[in-house]
Amino acid sequence: NLRHLMEVLYFIERKWIMNRNIKRLTEGAMMCGLIGVLLVINRQFANAFDAYMMWIVPLPIIVYTVRYGIKNGFVVTFCASVIAFMLALPQTVFYVLASCLLGAIYGHGVRKEKSNAWLLTTSIIASTIIMIVTTILFASIFGYDLQMELEMIMQMMDSVNLNVTGNLVRTLLYASLFLTCLLEGFLVHMLAYIVLTKLKIKVKGFVPLLNYYA
């Protein structure tokens with residue numbers, strides 16, 4: 001009977017959709033749980049791992065976004081931010097939110113089969129934005145005093161009898177911060193590639209940094 005066959009197919013489809021939704025919700029809760037555990041550990045160590053959030057937090061969001069899409073990735077990002085708001089200090093909440101957004105955008109790029117250059121550039125831009133916010137725009141909130149660091153470097157230079165100007169030191173400091181952003185972006189890109197390949201998720205071959213040129 002065609003009618004009974006259609007009912008059976010409809011039942012199978014609904015069952016498959018329900019199981020897929022349950023799996024999606026379960027994995028999302030697991031990713032949020034992993035971030036929550038990291039936040040608890042960070043809090044126990046007096047927020048000593050704030051600077052390393054960008055290396056670790058994006059990874060579960062990347063995996064989740066690759067599997068279920070950027071909309072679901074944003075949902076997990078929101079949930080992780082709420083957990084961070086309950087467990088961490090405001091500066092840590094910013095690191096978690098920024099890192100999760102990076103993970104969602106990066107995962108979307110992997111899902112859409114973007115090039116390695118696109119993925120690496122996305123990581124570097126995100127790292128640069130985080131650096132600008134934490135060291136320039138809202139430095140006092142994050143406990144970073146750029147002027148004090150410049151003065152400390154000048155004192156160190158004077159102690160070893162090196163005659164350098166303040167402008168030179170400032171230029172070198174900004175250059176070092178930008179180099180840090182490059183290295184952080186590359187590190188996130190490399191770790192994401194390792195994690196995705198270990199989970200047997202399709203991703204384009206990793207391109208070493210020395211193979212890129214202007």
Side-chain angles (χ1 to χ4, degrees), residues 10-45 47 49-116 118-127 129-130 133-134 184-185 187-204 206:
Y10 177 75
F11 174 78
I12 293 174
E13 181 185 11
R14 295 295 299 174
K15 191 72 174 178
W16 179 81
I17 293 175
M18 184 177 66
N19 290 337
R20 189 173 186 276
N21 288 336
I22 292 174
K23 182 180 179 182
R24 174 171 56 84
L25 293 173
T26 302
E27 288 193 18
M30 182 180 67
M31 299 306 178
C32 291
L34 291 174
I35 295 174
V37 170
L38 176 63
L39 291 172
V40 171
I41 295 174
N42 182 52
R43 191 65 182 269
Q44 293 297 318
F45 284 88
N47 302 315
F49 303 117
D50 275 357
Y52 308 104
M53 287 290 179
M54 187 182 168
W55 304 354
I56 304 173
V57 173
L59 299 179
I61 306 298
I62 290 172
V63 173
Y64 189 82
T65 303
V66 171
R67 287 177 173 171
Y68 300 106
I70 192 169
K71 290 183 179 179
N72 293 313
F74 283 146
V75 172
V76 175
T77 295
F78 174 77
C79 295
S81 301
V82 172
I83 293 174
F85 183 79
M86 293 187 295
L87 298 177
L89 297 177
Q91 59 266 31
T92 307
V93 175
F94 169 78
Y95 283 120
V96 171
L97 176 60
S99 300
C100 288
L101 289 174
L102 167 60
I105 296 172
Y106 189 101
H108 177 71
V110 174
R111 187 180 176 89
K112 295 298 182 180
E113 299 183 355
K114 297 290 187 180
S115 65
N116 272 276
W118 189 94
L119 298 174
L120 179 59
T121 302
T122 300
S123 301
I124 293 174
I125 291 175
S127 176
I129 292 174
I130 294 174
V133 171
T134 56
E184 284 183 347
L187 182 59
V188 172
H189 179 56
M190 181 180 66
L191 292 176
Y193 174 80
I194 293 173
V195 171
L196 292 174
T197 51
K198 290 294 184 182
L199 295 175
K200 301 186 184 304
I201 296 175
K202 182 181 178 181
V203 60
K204 291 189 176 182
F206 183 78

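Only this structure's heavy atoms are used, side chains among them; waters, hydrogens and symmetry mates stay out.
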Donor-acceptor under 3.5 Å (Thr65 side chain, Ile62 main chain) = no

Report the C-alpha separation of Met30 and Thr26 in whole Å, then their side-chain angles, then the decisive distance to 0.1 Å, and conclude whether the side-chain contact (heavy atoms from CB on, under 4.5 Å) test is met.
-> CA-CA 6 Å; Met30 182 180 67; Thr26 302; 5.7 Å; no

Between Phe94 and Ile130, is any pair of side-chain heavy atoms under 4.5 Å apart?
-> yes

First locate atom CD1 of Ile105, then atom NZ of Lys114, and finally report the distance between them rounded to the nearest 0.5 Å.
-> 12.0 Å

Could you go through residues 71-85 and list every donor-acceptor pair under 3.5 Å that involves a side-chain atom there, pairing it with any protein atom two or more places apart or in another chain?
residue, atom, partner, partner atom, Å
Asn72, OD1, Arg24, NH1, 3.3
Asn72, ND2, Tyr68, O, 2.7
Thr77, OG1, Gly73, O, 2.9
Ser81, OG, Thr77, O, 2.8

From OH (Tyr106) to OG1 (Thr122), nearest 0.5 Å | 8.5 Å

Nearest non-hydrogen partners of Met54 and Ser99, listed with the distance | CA-OG, 3.3 Å

Which heavy-atom pair separates Gly109 from Trp118 by the least distance, and what is that distance?
-> CA-CZ3, 3.5 Å

Could you pull out the closest heavy-atom pair between Pro58 and Leu102, with the gap in Å?
-> CG-CD2, 4.2 Å

Does a side-chain heavy-atom distance below 4.5 Å link Ser123 with Leu119?
-> no

When rounded to the nearest 0.5 angstrom, what is the spacing between CG in Leu89 and CG in Asn47?
-> 4.5 Å

Below 4.5 Å, heavy atoms only, C-beta onward: do Leu87 and Arg43 meet side chain to side chain?
-> no

Nearest heavy-atom approach of Pro60 to Ile35 is CG-CG1, 4.2 Å

Nearest heavy-atom contact between Phe49 and Ile41 is CE1-CG2, 4.2 Å

Rounded to the nearest 0.5 Å, the CD1 atom of Ile194 sits from the CG atom of Leu199 at a distance of 12.0 Å

For the residue pair Gly28 and Tyr64, what are the closest heavy atoms and their distance?
-> N-CE1, 3.3 Å

Could you check if a side-chain atom of His189 sits within less than 4.5 angstrom of a side-chain atom of Asn116, using non-hydrogen atoms only?
-> yes

Rounded to the nearest 0.5 Å, what's the gap from CG on Leu101 to CD1 on Ile70? Could you check?
-> 9.5 Å

Minimum side-chain heavy-atom gap Val63-Glu27 below 4.5 Å | no

How far apart are the C-alpha atoms of Asn42 and Met53, what are their side-chain angles, what is the distance that settles it, and do they pass the side-chain contact (heavy atoms from CB on, under 4.5 Å) test?
-> CA-CA 9 Å; Asn42 182 52; Met53 287 290 179; 3.6 Å; yes

